[in-house]
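These notes concern the structure reproduced below.
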Amino acid sequence: MTRRPSSVTITASVTIARSSAVHRPSARVTTPVTVVVDPGAGAGGAVGEARAVAGRARVAAASSRGRRTTAEGSSSRGRPAGEARRGARITVIGGGRRCSPAAASGRDPRTPCVLQGPPMASEDRPVRVRIAPSPTGDPHVGTAYIALFNYAFARQRGGKFILRIEDTDQSRARADSEQMIFDALRWVGLSWDEGPDVGGPFGPYRQSERRAIYAEHAALLVERGGAYRCFCTAERLGQVRAQQQAEKRSTLGYDRHCRGLERDESARRAAAGEAHVIRLAAPLAGKVIVHDKLRGEVPFDVGQIDDQVLMKSDGMPTYHLANVVDDHLMQISHVIRAEEWISSTPKHVLLYQAFGWDAPEFIHMPLLRSADKSKISKRKNPVSINFYRDAGILPAALLNFLALMGWSFGGDREKFTLAEMIEAFAWDKVSLGGPVFNLDKLVWLNEKYIHELSHAELVDALLGWRLSRDHLIEIAKLVRERIKRLDEFVPLTEYFFSGDLDYAPVIAEMGIPEVEPALVGRGLLALVERLDARDGWEAKGLEEEARAWAEEHQWKTKHAFMLLRLAVTGRKASPPLFDTIVVLGKEITRRRLRVAAEAVAARKA
RNA sequence: GGCCCCAUAGUCUAGCGGUCUAGGACGUCGCCCUCUCACGGCGAAAACAAGGGUUCAAGUCCCUUUGGGGUCACCA
């Protein structure tokens, strides 16, 4: 055997551990590191030992800016992952020079540079987190899901949980949505310390009420060269995009046509009232490193980032600007949001850079999925919190179930309270695979919760649900003329209290004469879409919608409405259809329509 | 398609190099309990995507491939 040298010096490309990544500190950045090893204590061959040391040296390299690192050779097992978790940080990325904000914001666009990832929120910084739902429809389970993790984290750390309404899209805003979001969140048991309805020191908490703030910040950016006015029309943008697609360009996006405009000219045109947007002047070359607490350093090539619109021509900010400005002004310490945001995070990092602000820590939770693994959507799954409420799910069970999506309590514990979750909460127990929202398991959990209720509590739960006095009165209005004795009430109104209906007894009659069942099924789905697009839920409007729908399909209302009646009540006779639908509520109705559509489509022609 | 993320049973997950002949749960199936149905109890089938490395040792680390997902708007 060859005599071992007294020491071995290897120079290797050592990959720097992603700083403070909770998961897999895998290689992202390669930096030459020289490791000097004393093989004295090593059990294996010197080279092998040196490699092991090099592995351990990753962390050291990360924390020492890639300078020469000496590591003691020893046979103890290095755990870079654990060490990385404990806070090794990257301060220099790769070999590029650091960017000045000016360079980053485009004054010096030709010089390649590497942007530093956002600094980590320091451990002792007060925790302030937020959820920022957009009031564009029904309260979404995804909102509750993300809210839960924000809430649990905030509570554990004694921090604040903030609710902010992101209503900058005037075209999609829905009048009743905001209140429904409040109600739904409170229903599951999450409450906020600051928000539009409770106030707070950093208000207003509705973005539509903060327009002046965004305008001011956008102007500041334009002044500094970090953003510019764009006068391109929608048509031109469309053409550019079409051409890029025709050319099969790998990177799509705005062609920066207006970026070269002279400042004076730009200002003059704006002053003259010409419609324009304000765009981010993204650096033209280099990398942006996003630091994600769960994933570590996520690199993005700046070439992939286009000059994102910051201010729309209607004077409203886009999400990107509003979210960065608000998070900074509201002193948000951790941005906990869904994974779908990860690819726009580099833009946000660029914005923080351009403003000269420290970025919060980013934590992207995995996306809730439908059974086919795609992002959960109302076409494939009930996504409204109201659905689960109306379907008889207890709020505690829903919350517990949501906690199971991507997080594990520890041990084999699956059933736990919010308080217990807060106590046990830790980011390293989050798993990154996208969890499928599985109704079966939710129902099983719900069963557990119901069985724990006392008899009196069960009754209270029922009375607070569809057996409430108010709801019964609504039903009484519909059936009083239709019963002769009290004992007829329950059998006659059973479908007001049921979940999914059994269509087997009536399936033969669920159809439209001379129309393929598959087409009828599709028609039912089309009605769901129409109903979704509506604002209110009152009989007159519903009837109008249904009539328009029947006409569109060229179905006689007689047939179309019987189809609906069967779908919604499972019966051929019911109180007036649209009044019934109103009382049934949107969630039960749309679910039944969907289930019926499936049943019908599966029917033999 | 470019970029990014992810990868243990049908599903949710445990697993942080040796304790894994891979643990728990939902669902499925069987048995028991039982006047029925449920609950409950017991049991069974069912997974480390593939291929290369690294290592004495890999589900666990690295790479590639494959697969899945997200994103590429004057939507959030």
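The sequence lines fix the lettering, A, B, ..., with proteins before strands; numbering per chain opens at 1.
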Closer than 4.0 Å, any side-chain N/O of A:K312 to the OP1 or OP2 of B:C75?
yes
Gap in Å between the two P atoms, one belonging to B:C12 and one to B:A7, rounded
12 Å
Is A:R369 touching bases, backbone alone, or none of the nucleic acid, heavy atoms closer than 4.0 Å?
sugar-phosphate
Counting side-chain heavy atoms from C-beta on, which of B:C4, B:U11, B:G24 comes nearest to A:I342?
B:C4
In terms of side-chain heavy atoms of A:Y319, which of B:A76, B:C39, B:C3 is nearest?
B:A76
Report yes if at least one side-chain N or O of A:R295 is closer than 4.0 Å to OP1 or OP2 of B:C6; otherwise report no.
no
I'd like the C1' distance from B:C48 over to B:A14, given in whole Å.
13 Å
Any strand is fair game: report the nucleotide pairing with B:C42 by Watson-Crick or G-U wobble, both distances under 3.5 Å, or none.
B:G30
Taking OP1 and OP2 of B:C74, is either one under 4.0 Å from a side-chain nitrogen or oxygen of A:R279?
yes
Closest to side chain of A:L367, choosing from B:G70, B:U11, B:A25:
B:G70
For A:H451 and for A:S171, locate the closest nucleotide of RNA chain B by heavy-atom distance; then report the residue assigned to the nucleotide nearer the 5' terminus.
A:H451
When you check the phosphate oxygens OP1 and OP2 of B:C74, does a side-chain N or O of A:R236 lie under 4.0 Å from one of them?
no
Please name the residue in the list A:R210, A:M311, A:H217 that meets the side chain to side chain contact (heavy atoms under 4.5 Å, CB included) test with A:P317.
A:M311
For B:G10 and B:C6, measure between their P atoms and round to the nearest Å.
23 Å
Could you go through A:S374 and A:D372, starting from their C-alpha distance and side-chain angles, then the distance that decides it, and tell me whether this counts as side chain to side chain donor-acceptor pair (under 3.5 Å)?
CA-CA 6 Å; A:S374 63; A:D372 66 357; 2.7 Å; yes
Touch check for A:E447, heavy atoms < 4.0 angstrom, all strands: base, sugar-phosphate only, or nothing?
sugar-phosphate
Among the candidates B:C74, B:G69, B:C5, find the nucleotide nearest to the side-chain atoms of A:T318.
B:C74
With both distances under 3.5 angstrom, what nucleotide forms a Watson-Crick or G-U wobble pair with B:G67?
B:C6
Select base, sugar-phosphate, or nothing to describe what A:E414 touches, counting heavy atoms under 4.0 Å on all strands.
base
B:A46 to B:C5 separation - P atoms, rounded to the nearest Å:
36 Å
Spell out yes or no: do the side chain of A:S343 and the base of B:C72 have one donor N/O and one acceptor N/O closer than 3.5 Å?
no
Base, sugar-phosphate or nothing for A:M405? Non-hydrogen atoms, less than 4.0 Å.
sugar-phosphate
Given B:C5, B:C74, B:C12, the nucleotide with the shortest approach to the side chain of A:P299:
B:C5
Closest to the A:F300 side chain: B:C4, B:C74, B:C26?
B:C4
Where the side chain of A:W444 is concerned, which of B:A25, B:C6, B:C3 is the nearest nucleotide?
B:A25
Just call it for A:V277: base, sugar-phosphate, or nothing, with non-hydrogen atoms closer than 4.0 Å on any strand.
base
Tell me if the aromatic rings of A:F437 and A:Y388 count as close, with their centers under 6.0 Å from one another.
yes
Distance, C1' atom - from B:A57 to B:G18, rounded to whole angstrom:
6 Å
Starting at CZ of A:R206 and ending at P of B:A76, how long is that distance when rounded to a whole Å?
17 Å
So with a 6.0 Å cut-off around CD of A:Q243, is the heavy-atom count from everything else above 12?
no
If the cut-off is 4.0 Å, is A:S408 near the phosphate of B:A14, judged by side-chain N/O to OP1 or OP2?
yes
What is the base-pairing partner of B:C72, counting Watson-Crick and G-U wobble geometry with both distances under 3.5 Å?
B:G1
When the P atoms of B:G1 and B:U8 are considered, how many whole Å apart are they?
23 Å
Integer-rounded Å distance: B:G40 P and A:K448 NZ:
5 Å
Distance check: side-chain N/O of A:K373 vs OP1/OP2 of B:C12, anything under 4.0 Å?
yes
Answer yes or no: does a side-chain N or O of A:T168 lie under 4.0 Å from OP1 or OP2 of B:C75?
no
Would you classify A:S374 as touching base, sugar-phosphate or nothing, given that sugar-phosphate means primed atoms plus P, OP1 and OP2, and contacts are heavy atoms under 4.0 Å?
sugar-phosphate
Within less than 4.0 Å of OP1 or OP2 of B:U71, is there a side-chain N or O belonging to A:K375?
yes
Please work out if A:G406 contacts a base, only the sugar-phosphate, or nothing of the nucleic acid, heavy-atom cut-off 4.0 Å.
sugar-phosphate
How far, in whole Å, is B:G40 from B:G23 if one measures between their C1' atoms?
23 Å
Salt bridge or not between A:R206 and A:E178? Use side-chain N to carboxylate O under 4.0 Å.
yes
Out of B:C12, B:A73, B:C75, minimum distance to the side chain of A:R172 belongs to B:C75
Look at all strands and tell whether A:G253 reaches a base, only sugar-phosphate, or nothing, counting heavy atoms closer than 4.0 Å.
nothing
Using a 4.0 Å heavy-atom cut-off across all strands, classify A:P317 as base, sugar-phosphate, or nothing.
sugar-phosphate
Given the C1' atoms of B:C3 and B:G17, what is the spacing between them in whole Å?
33 Å
Is the distance between the ring centroids of A:W407 and A:F425 under 6.0 Å?
yes
Between the side chains of A:D255 and A:R236, is the shortest nitrogen-to-carboxylate-oxygen separation below 4.0 Å, so that they form an ion pair?
yes
Close aromatic pair by centroid cut-off 6.0 Å: A:W341 and A:Y319
yes
Report the nucleotide, chosen from B:C12, B:C3, B:A76, that has the shortest atom-to-atom distance to any side-chain atom of A:K441.
B:C12
